[in-house]
K.L.:
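Submitted below is the structure of interest, expressed as structure tokens.
Because the structure is predicted, anything quoted here is derived from the model rather than measured.
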Amino acid sequence: MRYWLMKSEPGDCSIDDLAAMKDQTVAWYGVRNYQARNFMRDQMSVGDGVLFYHSNCKEPGIAGIAEVCSTAYPDAKQFDKKSKYFDEKATQETPRWFNVDVKLVKKIALISIEELKHHPELENLRTLQRGNRLSITPLDPAEWRFITTRLVRS
DNA sequence: GCCAACGTTGGC
DNA sequence: GCCAACGTTGGC
């Protein structure tokens, strides 16, 4: 069991968009960074905890709790010529990109990046580090526990 | 829209 | 395999 913070641009897929989806589940396609891919492909398991984070928007922060609900499988968009995530070097035999499915557990009152920065318990949170751009980062169990038990408001 | 930080590309 | 140039991310 591991814990993850996963960034999504709300203009692309917000917590409300996720809530409206069939089974409240979304395929986390479009990751085109090897480190983030490797986290999904090599380290994620069904049941892992996910903080659903809104990035690149007016109010960045944690918008909900979710969970990993599939193992990794080839990202369909890499084969779709009409998609902006199309990758001409990927083939069905040797896919380059993978994704898992993520299911909503619950929407929460937004925990803003501002608030996250105020807690010394979270000073090592990867997402808060200067220059960090990784869209998927692992969380320590202690960080997960602190956020989900101390900061979450419904 | 700015720009710091970082990842990727490709010539050599 | 180095590294300059370029592209992207994402908070501000």
K.L.:
Between A:C13 and A:S8, what is the shortest heavy-atom contact and its length?
P.N.:
O-OG, 2.6 Å
K.L.:
State which residue, out of A:R37, A:R41, A:R32, fulfils the salt bridge (charged side-chain N to carboxylate O under 4.0 Å, His left out) condition with A:D75.
P.N.:
A:R32
K.L.:
Quick check for you: name the first and last nucleotides of DNA chain C, 5' to 3', having an atom under 4.0 Å from a heavy atom of chain A.
P.N.:
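The contact span of chain A on DNA chain C goes from C:dG7 to C:dC12.
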K.L.:
Between A:R96 and A:D87, is there a salt bridge with N-O shorter than 4.0 Å?
P.N.:
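Yes, this pair counts.
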K.L.:
In terms of the angle between their ring planes, are A:W4 and A:F39 parallel, tilted or perpendicular, with boundaries placed at 30° and 60°?
P.N.:
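Tilted.
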K.L.:
With a non-hydrogen cut-off below 4.0 angstrom, is A:K117 in contact with a base, only sugar-phosphate, or nothing?
P.N.:
sugar-phosphate
K.L.:
Identify, between A:G131 and A:N56, the residue whose nearest nucleotide on DNA chain B lies closer to the 5' end.
P.N.:
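This one resolves to A:N56.
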K.L.:
Is the shortest side-chain heavy-atom distance between A:F98 and A:M40 below 4.5 Å?
P.N.:
no
